[in-house]
Each structure stands twice: as C-alpha cells, then as structure tokens.
Protein chains: 2
Amino acid sequence: MNQAVNSIELDIDLSEELGAAATAGDAARLNALFERLSLAEALRELLELSADDRRKVLTLISPEVAAGLVEEAPHELGADLMEDLEPARAREIMDEMDSDVQADLIGDMEAAEAEAILSQMDAEEAAEVRRLSGYDDDTAGGLMMSEVFECRSTMTVSDVIKVIAKDDEDVDRYRGQHPYIVDEAGKLVGVVSLRGLLATKRAALLTTIMVKPMSVQVDTDLSDLEDIFDKYDFLGVPVVDASGELLGVVSRDAVSKALLERAESENLKLQGVVGDELRSMPTGLRSRRRLVWLSANIILNMIAASVISAYEETLLAVIAIAVFLPMVSDMSGCSGNQAVGVTMRELSLGLVRPKDAVKVWFKEISVGIINGIALGILIGIVAWIWKGSPALGLVIGAALALNTMLAVSIGGVVPLLLKRIGQDPAVASGPLLTTVTDMAGFFFVLSLATLMMPWLV
Amino acid sequence: MNQAVNSIELDIDLSEELGAAATAGDAARLNALFERLSLAEALRELLELSADDRRKVLTLISPEVAAGLVEEAPHELGADLMEDLEPARAREIMDEMDSDVQADLIGDMEAAEAEAILSQMDAEEAAEVRRLSGYDDDTAGGLMMSEVFECRSTMTVSDVIKVIAKDDEDVDRYRGQHPYIVDEAGKLVGVVSLRGLLATKRAALLTTIMVKPMSVQVDTDLSDLEDIFDKYDFLGVPVVDASGELLGVVSRDAVSKALLERAESENLKLQGVVGDELRSMPTGLRSRRRLVWLSANIILNMIAASVISAYEETLLAVIAIAVFLPMVSDMSGCSGNQAVGVTMRELSLGLVRPKDAVKVWFKEISVGIINGIALGILIGIVAWIWKGSPALGLVIGAALALNTMLAVSIGGVVPLLLKRIGQDPAVASGPLLTTVTDMAGFFFVLSLATLMMPWLV
C-alpha cells in the first residue's frame with residue numbers, strides 16, 4: 001500500500017522534473033532522473049513528452065542510457081525515435097549497441113534516414129551493418145551479432161587469457177561467449193571452454209585443447225534455433241556460411257527475445273491487429289491498419305448475413321428466432337476460437353505440424369460433440385422456457401449443438417491448413433472461422449425452423 | 001522441397017522404429033533414435049505412443065535425454081509424464097535437472113506422487129526442493145535455482161580458479177554465473193568478474209577484487225525481474241532474503257522462459273481457454289474447462305439477446321433489420337477486440353498502467369470516431385443498395401458508427417480497469433466487451449429503427 005502511494009508521488013514529481021530538466025537542457029539532472037527509473041518506466045515517461053522534448057532528452061542524456069531506452073522500445077518505435085535525431089547523435093547512440101540491434105534498427109528505418117546515419121560511420125562499420133540488415137529477421141543471420149570472440153589457430157592459451165583480462169569494450173560485448181578458433185581462411189575449426197583455458201599450461205596452443213564446435217547456417221530459422229537452445233545449454237552458437245566461414249554468433253538471449261516478440265505479435269494478430277500497433281503511433285496510421293482488416297471482415301459478414309436474408313419468411317412467421325440467431329452464431333464462434341487457441345499454442349510449442357490436421361480433428365471433434373450436446377441442451381431449455389415453445393427449444397438447441405461441433409472442427413484444423421498453404425494462421429483463422437460458423441449457424445437455425453414450422457406457429 | 005520429402009520419410013521410419021525399439025526394450029536403439037531428433041520432434045513422437053510405451057521409453061533412455069524431454073514439455077505435461085514413472089526412476093531423471101526445474105515439477109504434481117519421489121532423495125536434497133517449490137511461480141524465489149557459485153570470503157583467486165578448472169558436474173550447473181562471495185553468516189557481500197580473476201595475482205584474496213553485487217529479494221516479481229535484465233547485461237542475479245542471506249540465483253534464461261510462457265498462456269485466455277490446455281490431456285478435462293467459460297458466456301449472451309426480444313414489434317415491421325443485427329454486433333465486437341489487443345500488448349510491454357485509463361481512452365476514441373464513421377458509411381451504403389431503402393441504410397450505418405465508437409472505448413479501457421480491480425484482463429476482457437457491444441448494438445439498431453419507422457415501412 002505504502003509503496004503504491006510512494007510510486008504515484010514519485011511519478012508526479014518525475015514527469016514535472018523531466019519536463020523542466022529537458023526545457024532547461026540540464027543533462028546531469030536528466031541522467032540522474034533516468035538512473036532512478038526502470039527502462040520501462042523511463043520509456044513511458046519519454047513517450048509522454050512532446051516530440052520536441054523527447055528529441056531534446058535523447059540528445060542530452062548519456063549515449064548508454066539513450067541506447068538502453070531505444071533498445072527497450074518495441075522495434076517499430078525504436079526506429080522512429082532514432083529517425084528524429086541528428087544523424088551524428090543517432091550514430092553516437094548506436095555505438096553503444098550490439099551489431100544485431102544496430103542492424104535491426106537500420107532495417108526498420110526509412111531509407112533516407114538510415115543512409116544519413118550510416119554515412120556517419122566509417123566505411124567498414126557501415127558495410128557490416130548493411131550486411132547484417134540484409135538477412136531476414138527471424139533467421140540466424142538476422143539474429144546474430146558480428147562481435148565474435150574469434151581467435152587464430154596460432155594463438156596460445158596465454159594469448160587468449162591476455163585478451164580476456166584486458167579492460168576492453170570489445171571484449172565486454174563477447175558476454176558469455178567461448179573463444180572460437182578460425183583457420184587462415186576464416187573458417188571455424190574449434191571452440192575452447194573456460195575450464196580448458198584454466199586447466200591447461202599457458203604456453204599450449206589453442207588447437208591442442210579445442211573441440212569441434214556446433215554451428216548453424218546463416219539461414220537457419222527461429223524455430224530451429226529454439227530447438228537447438230532447448231537441446232543444448234550453450235549461451236550462444238556460432239553462425240557460418242555455406243563454406244564454413246565464421247560470420248557471427250547468435251545468443252540464447254536474442255533467440256528468447258525473438259520468440260517473445262513473435263508470441264506477442266501473434267496475440268495482436270489473433271485480435272485483428274496486423275502490424276504491431278502502439279498507441280504512440282499516428283492516429284491515421286492506426287486507424288487505417290485496423291480498417292483494412294475490418295473492411296475485409298465486413299464482406300465476410302455480408303456473406304454470412306445473406307443466409308438470414310434468404311429465410312425472411314420463416315423469420316416473419318416466428319420472430320422469436322431473431323433473438324437466438326446472434327446467440328447461436330456467437331456461442332459457436334467462441335467454441336471455435338477456443339480450438340484455434342489450442343492449435344496456435346501447440347503450433348508454437350512444436351507439438352503439432354500442418355500435416356497432423358486429421359489427428360487434431362479427431363481429438364477436437366470429441367470435445368465438440370460433448371460441448372455441443374451440453375450447450376445445445378442448455379440453450380434449448382432456455383429457449384423453451386423463455387418463449388414457452390418446446391419446438392423452438394428443440395430447433396435452437398439442435399442448431400447450436402450441430403454448429404458447435406462444426407465450429408470446433410474448423411477452429412482446430414484451420415490454423416494448420418492455413419499454415420500448410422503458406423498463410424499466417426494468426427491473421428486469417430479468426431475471420432475464416434467466424435464467417436463459416438455464422439453462415440452455418442444461421443442456416444441450421446433457419447432451415448430447422450422451416451422444417452419444424454407446423455409445430456412452431 | 002527435397003528436404004521436406006526427406007523429413008517426412010524420416011518421420012514414418014521413426015514412429016515405426018521407436019515403437020519397435022520400445023516393445024523390444026532396446027535402450028541403445030532408443031537413445032540413438034532420440035539423438036537424431038530435436039527435442040520438439042522427440043516430444044511429439046513420445047506423445048504419439050501409448051501411455052504404456054511412453055513409460056517404457058522414458059524408463060529405458062538415458063536420464064539426460066529423458067530430463068531434456070520432460071523439460072521441453074509444457075509444465076503441466078511434464079509433471080504428468082513424471083507421475084507415471086516409478087519414483088526411483090523419476091528421481092534419477094530429476095537428478096539431471098536444475099533445482100528450479102525440479103521444484104516446478106514437484107509443485108505441479110499430485111501430492112502423493114510428489115512425496116513418493118521426494119522420499120527417494122536424501123533428506124537435505126528433498127528439503128531443498130520442498131523449500132523452492134514453496135515460492136510463488138512468477139517470483140525470484142520461484143524462478144531461482146539454488147545451485148550457486150558461492151565462495152567464502154577467505155578464499156583466494158587461486159582457490160576459485162581451481163574450482164572452475166575442476167571437471168565437476170556441480171560447476172557445470174553454474175553456467176555463466178560469476179563467483180559470489182558470502183561472509184561467515186552466509187550473507188552476500190560481493191561478486192568477482194572473470195576478468196578480475198584472470199588479471200589478478202593468484203594469491204590475492206577474493207575480497208580484494210570483489211565489487212558490491214546487485215541482488216533481488218526473494219519475492220521480486222517477474223515484471224521487475226524483466227526490468228532488471230533489460231537494464232543490465234547480467235546473465236544472472238543473486239537472490240537474497242530480508243537479512244541479506246544468499247538463497248539462489250535467477251538466470252536471464254529462466255526469466256525469458258517465464259515471460260514466453262506468460263505470453264502464450266495469455267494468448268490462450270484471450271481465446272477463451274483458461275488453464276493451458278493441450279490436446280494430450282483427457283477429453284473430459286478439456287471439455288469441462290472449456291464449458292465453464294462457455295456457460296458463463298451463454299448467460300452474458302442471453303442478457304444481450306433480451307434487447308432484441310424487447311423490440312420484436314419493430315423487427316416484425318421491418319424484417320430486413322434481422323439481417324443486419326448480427327453484422328452490427330459482430331463488427332463492433334471486432335473493433336473492440338482490436339483495442340483490447342493493443343492494450344494487452346502495451347500492458348505486457350509496461351507502456352501503460354491501470355491508472356492510465358483516461359489517457360488510453362482519449363487515444364482510442366479518436367481511432368473509434370474515424371473507423372466508426374468509415375464503417376458506418378460502408379455498411380449504410382450496403383444496406384441501402386441491398387434492401388433498396390435509404391432510411392434503412394441510415395439506421396444501420398448510424399448504429400454501427402455509434403457502436404464502433406463505444407466498442408473501441410470499452411476495448412481500450414476494460415483490460416486496465418480489470419487489472420486495477422485485481423482481475424485477469426486476458427480472461428474477462430473479451431466476454432465483458434462482447435456483452436456490452438452486443439447489447440448496445442442491438443439497442444442502437446432497433447431504437448433508431450423505431451424512431452425512423454415512418455420512413456422504413
């Protein structure tokens with residue numbers, strides 16, 4: 001309780017103080033303030049400021065802190081923050097980042113702004129960033145950093161220990177990496193462990209204690225990297241090209257972050273938001289992106305609603321049915337969405353593959369039959385009591401039971417089929433599911449009612 | 001193409017070979033087969049086997065491989081796999097795991113099975129696992145492992161280097177940890193870096209090169225741990241109790257895994273599945289869990305449908321409206337869900353807090369107004385052309401516009417309000433949102449139609 005109160009007070013003070021310090025151009029004060037905050041808090045405060053104050057803050061604070069903030073921001077936002085800065089300052093902040101982060105940022109920026117920053121770097125460095133940003137995001141190439149603890153095969157244990165003991169920023173970036181041994185052609189030939197280094201005479205050549213390293217190709221995808229890090233305890237895996245040349249190291253941490261981003265972006269897509277929206281983006285962009293998805297959905301909705309249109313006479317005869325049409329379609333949609341959710345989870349855990357569709361359907365239909373019957377009886381009794389008509393109860397109950405079985409079948413299988421034909425199951429499963437279950441729901445209710453008409457009126 | 005074909009062939013061979021090897025009790029063959037598979041593939045194959053063959057496989061293969069498989073399984077499944085084994089064998093497999101994983105498994109098991117396994121351990125070890133499994137899952141205590149690279153303050157650099165160089169399984173478990181220095185009372189007093197160890201004379205006391213370590217309390221929660229690992233580059237952070245005694249180390253990797261699990265479980269909850277379902281669970285359990293959520297939803301649906309029931313006369317007069325009722329409620333539900341998705345993402349990124357509800361609403365309503373008007377015009381024209389009535393177009397268009405604004409407002413804010421009152425926004429946001437937008441959608445359409453009746457008939 002006390003803590004909550006304190007944090008609110010702290011918060012009010014902070015917003016004011018940050019604004020004041022930014023206006024006054026008081027770099028020392030800004031650094032001190034950011035020091036007290038977690039990165040998430042600091043980023044939230046930063047986003048509250050006007051675009052002008054935000055640029056001022058990012059220009060005044062220490063490059064380390066600024067780099068931390070930009071890295072903490074979701075990637076589409078990080079690129080925006082950097083684009084607003086003077087290229088020289090942006091470059092200064094980038095200097096504090098690992099090469100994989102630099103490449104991601106440059107890749108997310110507008111071409112002109114990216115070039116402006118790259119032109120501030122020396123030619124070799126800029127070429128490196130360009131090369132890295134050319135790889136696909138969710139591959140070893142896109143996730144690796146090029147700062148590698150690379151040792152020549154002519155080096156001794158003592159040489160390596162001297163490198164580690166040196167107080168050098170480059171070495172800091174090797175965090176947790178083992179020394180990798182390359183031959184004269186730059187090909188990866190071995191790796192040595194810390195234990196190996198410490199337990200061996202200092203004059204020994206690295207080649208006498210190295211072991212054959214595991215490595216991945218530059219186009220290895222995220223799921224395969226996840227498998228490798230699950231199976232082995234490494235903190236990083238070296239990345240090589242087809243000829244075996246050492247290009248970089250992909251860290252366990254980079255893979256974890258990419259997996260978390262993927263899960264969160266999937267989450268958004270299942271809710272109908274394509275393109276990682278944040279509320280700090282321009283309203284026009286947010287609205288447009290959401291509308292694209294919604295407009296497609298309105299067409300699917302019309303197709304479904306046309307079923308109702310075809311049965312207007314039945315509806316006129318038994319208007320009480322209109323009350324239950326949305327219930328049946330909505331409830332089936334929910335049952336189907338549950339099945340979509342479970343399949344999406346099992347896909348991301350690697351427990352099902354697209355070709356397991358038939359197996360999944362068998363597992364799903366048994367749940368569909370039980371739940372269909374249970375919900376059908378429930379809603380049937382409700383309809384009977386509410387409208388005083390057992391025949392109506394029968395129609396609505398039977399329709400929901402049938403439609404639940406259908407919805408659960410479709411929901412369980414559709415993500416797998418979409419994946420099989422190369423579509424993104426997170427985006428398309430929901431709209432496809434609801435269109436079919438709406439259509440079928442309306443059809444079951446209205447066609448059963450037409451059949452049962454003598455008992456309904 | 002070629003690769004895909006190969007992997008399918010490999011797959012068919014494997015299922016057969018695994019089954020045969022399990023029946024024959026051929027441990028060497030099983031180990032060789034599992035060697036060729038990623039953990040996800042191996043787990044998928046394991047789950048395809050009968051319960052009996054599965055137990056046989058987990059009993060025959062090497063404990064390391066078995067431990068890898070159980071760790072790869074989602075936690076609720078891992079506990080099930082272990083419960084089916086002989087306690088002595090389960091203990092043997094557990095021996096290969098870090099203490100945090102052991103504690104999670106024991107915590108997820110039925111009490112009787114957990115006790116049976118604990119009774120196979122020596123008293124001290126069992127007490128340790130019991131202690132760890134007592135902490136909440138998503139806190140430093142629940143995520144830490146008790147295998148700590150702990151050094152007495154009387155030790156020298158040479159002593160530590162000897163420990164690292166020793167080929168000892170315990171040391172392997174310290175993966176990436178720096179040596180932590182404790183005083184006679186077990187209180188954490190310092191940490192030394194690898195560089196410090198290598199750059200200092202071997203006779204020096206650790207206390208002369210140690211620095212003050214960052215540490216967290218045992219009840220620090222997952223979000224705070226995420227902040228710390230975002231802000232600092234550590235691979236692990238020591239965990240202390242209120243008196244400063246060193247209890248364990250929470251690794252960056254354990255925090256990443258917990259964050260990914262949380263995102264995936266949230267994903268499921270947003271789809272209406274509470275309780276991390278997998279298709280390998282018993283059908284009865286899966287069906288029951290889904291039904292609980294669906295039954296609550298049916299009641300909310302009834303409340304919404306009662307609005308239609310109140311306007312049956314209007315519907316009878318203009319039956320074409322029945323075609324658009326589900327469209328309006330469904331489209332608004334989709335708009336609201338988009339806003340829910342964005343808020344859930346910003347919550348998990350730490351970019352909004354429950355108390356930011358008003359700010360979020362202002363950001364959301366501007367999108368709601370734009371999209372409401374756009375979709376309203378779109379559906380209005382559709383209704384006009386389809387049913388040949390401009391007045392109907394006006395009613396439906398205005399209703400969708402109003403309801404979209406409402407839905408987007410509710411969708412953006414409801415997760416924050418639920419979080420504020422201590423409810424899980426992932427579970428409750430969707431049902432709450434659709435109930436309100438269904439009710440309001442039906443009400444807008446039908447009350448506007450009642451007002452416009454002279455022009456509609």
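To find a chain, count down the sequence lines: A is the first, B the second, and so on, and within it residues start at 1. These figures come from a predicted structure and were not determined experimentally.
- Chain B forms the most heavy-atom pairs under 4.5 Å with one residue out of Gly336(A), Ser309(A), Ala199(A), and that residue is Ser309(A).
- Contacts between Val408(B) and chain A at a heavy-atom distance below 4.5 Å involve the side chain alone, from C-beta outward.
- Among all heavy-atom pairs drawn from Leu268(B) and Val342(A), the shortest one is CD2-N, 3.7 Å.
- When each of Ser295(A), Gly412(A), Ser287(A), Gly368(A) is scored by its heavy-atom pairs under 4.5 Å with chain B, the top score falls to Ser287(A).
- Proximity to chain A is limited to the side chain of Glu346(B), based on heavy atoms less than 4.5 angstrom apart.
- Scanning all heavy atoms of the two residues, the minimum distance from Ser38(A) to Asp227(B) falls at OG-OD2, 3.4 Å.
- Using a 4.5 Å cut-off between heavy atoms, Lys162(A) does not touch chain B at all.
- The CG atom of Leu198(A) sits 6.0 Å away from atom CG of Leu198(B), with the distance rounded to the nearest 0.5 Å.
- Contact of Lys269(B) with chain A is not made at all, since no heavy-atom distance falls under 4.5 Å.
- Options Val340(A), Leu194(A), Leu43(A) differ in how many heavy-atom pairs under 4.5 Å they form with chain B, and the most are formed by Leu194(A).
- Annotation for Trp386(B) and Ala305(A): closest pair CH2-C, 4.1 Å, computed over non-hydrogen atoms.
- A salt bridge links Arg290(A) to Glu364(B): at least one charged side-chain nitrogen sits closer than 4.0 Å to a carboxylate oxygen.
- Asn301(B) and Pro326(A) make their closest contact through OD1-O, 4.5 Å (heavy atoms, listed as atom of the first residue, atom of the second, distance).
- Interface remark: of the candidates Lys231(B), Arg279(B), Met327(B), Arg279(B) forms the most heavy-atom pairs closer than 4.5 Å to chain A.
- Counting heavy-atom pairs under 4.5 Å between each of Leu259(A), Asn371(A), Ile308(A) and chain B puts Asn371(A) at the top.
- Side-chain contact between Leu235(B) and Leu235(A) is present, with at least one heavy-atom pair separated by less than 4.5 Å.
- Looking at Glu71(B), there are no atoms closer than 4.5 Å to chain A (heavy atoms on both sides), in backbone or side chain.
- Taking CG of Asp233(B) as the reference point, atom CG of Asp98(A) lies at 7.5 Å (rounded to 0.5 Å).
- For a residue to count as touching a neighbouring chain, one of its non-hydrogen atoms must lie under 4.5 Å from one of that chain's; by this rule Gln338(B) touches chain A with backbone and side chain alike.
- In this structure, chain A has no heavy atom under 4.5 Å from any part of Asp224(B).
- Rounded to the nearest 0.5 angstrom, Ser256(A) OG and Leu260(B) CG are separated by 8.0 Å.
- With contacts defined as side-chain heavy-atom distances shorter than 4.5 Å, the pair Ile319(B)/Ile319(A) qualifies.
- When each of Leu39(B), Asn267(B), Leu375(B), Leu378(B) is checked for heavy-atom pairs under 4.5 Å with chain A, Asn267(B) comes out on top.
- Inter-residue side-chain proximity for Leu349(A) and Glu264(B) is flagged as met; some heavy-atom pair is nearer than 4.5 Å.
- Residue contact with chain A, scored on non-hydrogen atoms closer than 4.5 Å, involves the backbone and the side chain of Ser306(B) alike.
- Both the backbone and the side chain of Ala320(B) come within less than 4.5 Å of a heavy atom of chain A.
- Looking at Phe324(B), neither its backbone nor its side chain comes within 4.5 Å of chain A, counting heavy atoms on both sides.
- Interatomic distance, Leu69(A) CG to Asp230(B) CG, rounded to the nearest 0.5 Å: 11.0 Å.
- For the pair Arg44(A) (side chain) and Gly350(B) (backbone), a donor-acceptor distance under 3.5 Å is present.
- Interface remark: Ala339(A) contributes backbone and side-chain atoms alike to the contact with chain B (heavy atom separation under 4.5 Å).
- Within the model, atoms CD1 of Ile379(B) and CD1 of Ile298(A) stand 4.5 Å from one another, a figure rounded to the nearest 0.5 Å.
- Neither the backbone nor the side chain of Ser223(B) comes within contact range of chain A; no heavy atoms are under 4.5 Å apart.
- Among the candidates Ala374(B), Gly68(B), Pro74(B), Ser329(B), the residue making the largest number of heavy-atom pairs closer than 4.5 Å to chain A is Pro74(B).
- The residue among Ile161(B), Val307(B), Asp276(B) with the most heavy atom pairs within less than 4.5 Å of chain A is Asp276(B).
- Residues Met331(B) and Asn297(A) come closest through the heavy atom pair SD-C, 4.1 Å.
- Neither the backbone nor the side chain of Met344(B) comes within contact range of chain A; no heavy atom of the residue lies under 4.5 Å from a heavy atom of that chain.
- Rounding to the nearest 0.5 Å places NZ of Lys363(A) at 10.5 Å from CG of Leu278(B).
- For Ser193(B), no part lies under 4.5 angstrom from a heavy atom of chain A.
- Of the listed residues (Leu47(B), Leu351(B), Thr434(B), Ile370(B)), the one with the most heavy-atom contacts under 4.5 Å to chain A is Leu351(B).
- With hydrogens and angles disregarded, a donor-acceptor distance shorter than 3.5 Å links the side chain of Arg195(B) to the backbone of Lys166(A).
- Of the possible polar contacts, one joining the Gln271(B) side chain to the Asn337(A) backbone as a donor-acceptor pair under 3.5 Å is found.
- Note: Thr283(B) leads Asp438(B), Val382(B), Thr283(B), Ile321(B) in heavy-atom pairs under 4.5 Å with chain A.
- Counting heavy-atom pairs closer than 4.5 Å to chain B, the top-ranked of the candidates Arg252(A), Arg288(A), Glu226(A) is Arg252(A).
- Neither the backbone nor the side chain of Ser265(A) comes within less than 4.5 Å of any heavy atom of chain B.
- The heavy-atom pair separating Leu294(A) from Cys334(B) by the smallest distance is CD2-CB, 3.8 Å.
- The neighbour count for Glu312(B) CD, taken as heavy atoms of other residues, nucleotides or ligands under 6.0 Å away, is above 12.
- Only the side chain of Lys387(B) comes within contact range of chain A, with heavy atoms under 4.5 Å apart.
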